[in-house]
Amino acid sequence: MADEIMLLDWWSSMFGMRVRIALVEKGLKYESREEDLNNKSPLLLEMNPVHTKIPVLIHNGKPICESPIIVEYIDEVWKDKSPLLPTDPYQRAHARFWADYIDNKIFQLGGKIWTRKGEDQEAAKKELMECLKILEGELGEKPFFGGENFGFVDVSLVTFSCWFYAYESFGNFSIEAECPKLIAWTKRCLQKSSVSSSLPDPLKIHDFVVQLRKKFGIE
Amino acid sequence: MAEEIILLDFWPSMFGMKVRIALTEKGLKYERREENLLNKSPLLLEMNPIHKKVPVLIHNGKPICESQIIVQYIDEVWKDKSPLLPSDPYERAKARFWADNIDKKLHLLGGKLWRTKGEEQEAGKKEYIEYLKLLEEELGDKPYFGGENFGFVDLTLMPYFSWLHVFEIATKFTVEVECPKLITWSKRCMERESVSTSLPDHQKLYGFFLQLKKWHGIE
């Protein structure tokens with residue numbers, strides 16, 4: 001029986017992008033449904049009643065929520081192709097640790113950069129750069145966080161790269177200046193079709209942020 | 001070669017309790033080291049340089065951090081005894097979802113309970129009970145969240161129940177009236193040696209709670 005895979009998504013969501021990448025890495029066909037986050041569909045509310053958020057993966061009618069959980073699910077069900085998590089338990093714990101670190105830090109800090117001003121914004125910029133430097137240290141000389149192969153931590157972080165141009169513009173700083181190896185890594189990831197087909201154009205993200213700032217009255 | 005397992009811990013920590021339960025469920029001998037969080041040991045700072053928090057599991061010299069990640073690691077390494085996560089990928093995703101949700105919500109909601117007073121505290125109690133009712137719905141008529149067997153979600157939630165008892169006394173409300181099935185479930189879990197030996201004595205925890213309030217300048 002053919003698998004029925006549906007993804008409830010929102011084009012600019014870094015979390016939705018992660019799931020897109022994982023599905024393409026596994027060579028899976030799926031239906032993508034764009035949600036209007038100001039007018040959430042009955043399907044989204046039914047499939048994610050606890051958070052009412054995207055992304056939600058619906059596999060043969062059953063919902064899976066929260067992007068790291070969805071990516072692990074995809075990796076476990078379609079385990080014979082392009083494994084995203086390592087097989088060794090210690091390496092898996094290591095990968096989960098860094099994905100959790102990314103989840104706890106990058107989104108909030110990046111968000112503060114384009115929504116705040118003055119001291120708040122400066123503090124957020126400083127902290128974001130510290131986190132990115134830590135991540136660059138963790139990458140080291142490896143081509144990917146997963147080692148020779150693109151993996152779970154790469155999927156978790158690369159989706160923020162299309163938001164970097166927006167962060168840099170509104171924060172007036174350069175990520176490449178301080179983390180050149182990390183930017184080189186993002187370019188390496190973008191050579192993969194799973195990544196390039198899943199991430200929107202950074203300019204489009206920037207324009208979207210301009211619109212959001214207008215909407216929220218941020219100058 | 002004998003396994004060397006050390007747990008860097010802090011006795012009232014809900015996150016530490018989770019790991020204690022998991023280790024005992026697997027029948028593992030381990031050395032527990034109590035950390036003074038106001039004067040963290042060099043070992044803790046070396047083993048968890050990023051967060052500098054407990055719990056940290058050190059298995060044959062290698063550190064694993066973040067309680068959910070530690071429990072999954074334990075389950076994967078010692079997979080032949082008392083499995084904590086289900087084997088079906090969908091059920092695993094569900095278990096991860098609820099464990100993650102519990103950790104995020106109850107930590108926040110618990111804080112609201114003891115840091116506030118008057119109307120704010122009443123609102124906090126109401127929110128706490130509503131969330132417990134949601135969990136009770138998820139439990140349904142199963143003996144455990146894991147189904148017939150004690151598992152990942154059960155060991156995530158139980159530590160919060162030892163603190164809940166403290167909150168009930170401090171803020172004068174009883175969960176049993178509103179969530180009787182959940183209280184029955186907690187008593188069922190307490191019959192397990194892994195749980196009863198891992199959770200602190202209620203009186204001791206209450207004493208710690210009073211000190212915590214003093215430190216934070218809360219009456």
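For the numbers below, each heavy atom of this structure counts, side chains included, while hydrogens, waters and symmetry mates do not. Every chain is numbered from 1, with letters handed out A, B, ... down the list of sequences.
The interface of residues 104-112 of chain A with chain B, defined by heavy-atom distances below 4.5 Å, is empty.
With chain A as partner, the option from B:E66, B:K94, B:R92, B:H51 having the largest number of non-hydrogen pairs under 4.5 angstrom is B:R92. When each of B:I50, B:I64, B:L134 is scored by its heavy-atom pairs under 4.5 Å with chain A, the top score falls to B:I50. Interface summary for chain B: among A:I70, A:D75, A:D100, A:V50, the most heavy-atom pairs under 4.5 angstrom belong to A:V50.
Counted within 6.0 Å of CD on B:E193, heavy atoms from surrounding residues, nucleotides or ligands total 12 or fewer; the atom is thus considered open.
Only the side chain of A:H51 comes within less than 4.5 Å of a heavy atom in chain B; its backbone stays farther off. Proximity to chain A (any heavy atom under 4.5 Å) is shown, for B:D88, by neither the backbone nor the side chain. In this structure, the portions of A:P63 lying under 4.5 Å from any heavy atom of chain B include both its backbone and its side chain. Looking at B:D75, there are no atoms closer than 4.5 Å to chain A (heavy atoms on both sides), in backbone or side chain. Looking at B:H59, neither its backbone nor its side chain comes within 4.5 Å of chain A, counting heavy atoms on both sides. Interface remark: A:R96 contributes backbone and side-chain atoms alike to the contact with chain B (heavy atom separation under 4.5 Å).
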Run the side-chain donor-acceptor check on residues 145-154 of chain B: report pairs under 3.5 Å with partners two or more places apart or on a different chain.
| from | atom 1 | to | atom 2 | distance (Å) |
| --- | --- | --- | --- | --- |
| B:D154 | OD1 | B:F145 | N | 2.8 |
| B:D154 | OD1 | B:W185 | NE1 | 2.8 |
| B:D154 | OD2 | B:G146 | N | 3.2 |
| B:D154 | OD2 | B:G151 | N | 2.8 |

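A centroid separation of less than 6.0 Å is found between the aromatic rings of A:Y101 and A:W98.
Judged by distance alone, with hydrogens and angles left aside, the side-chain atoms of A:K142 form a donor-acceptor pair with the main-chain N or O of A:L139 at under 3.5 Å.
In this pair, A:F164 and A:Y167 present their aromatic rings tilted. The plane angle is within the 30 to 60° band. Classification of the B:W215-B:F208 ring pair by plane angle, with boundaries at 30° and 60°, yields perpendicular.
Taking A:F152 as the reference, nothing meets the ring-ring contact (aromatic ring centres under 6.0 Å, His included) condition, with sequence neighbours excluded. In this structure, the side-chain hydrogen bond (donor to acceptor under 3.5 Å, both in side chains) partners of B:R96, at least two apart in sequence or on a different chain, are A:E72, A:E76, B:Q72.
Between A:D103 and A:R18, at least one side-chain nitrogen of the basic residue sits less than 4.0 Å from a carboxylate oxygen of the acidic one, meeting the salt-bridge criterion.
Side-chain atoms of A:F170 and A:K125, non-hydrogen and from C-beta on, never get closer than 4.5 Å to each other.
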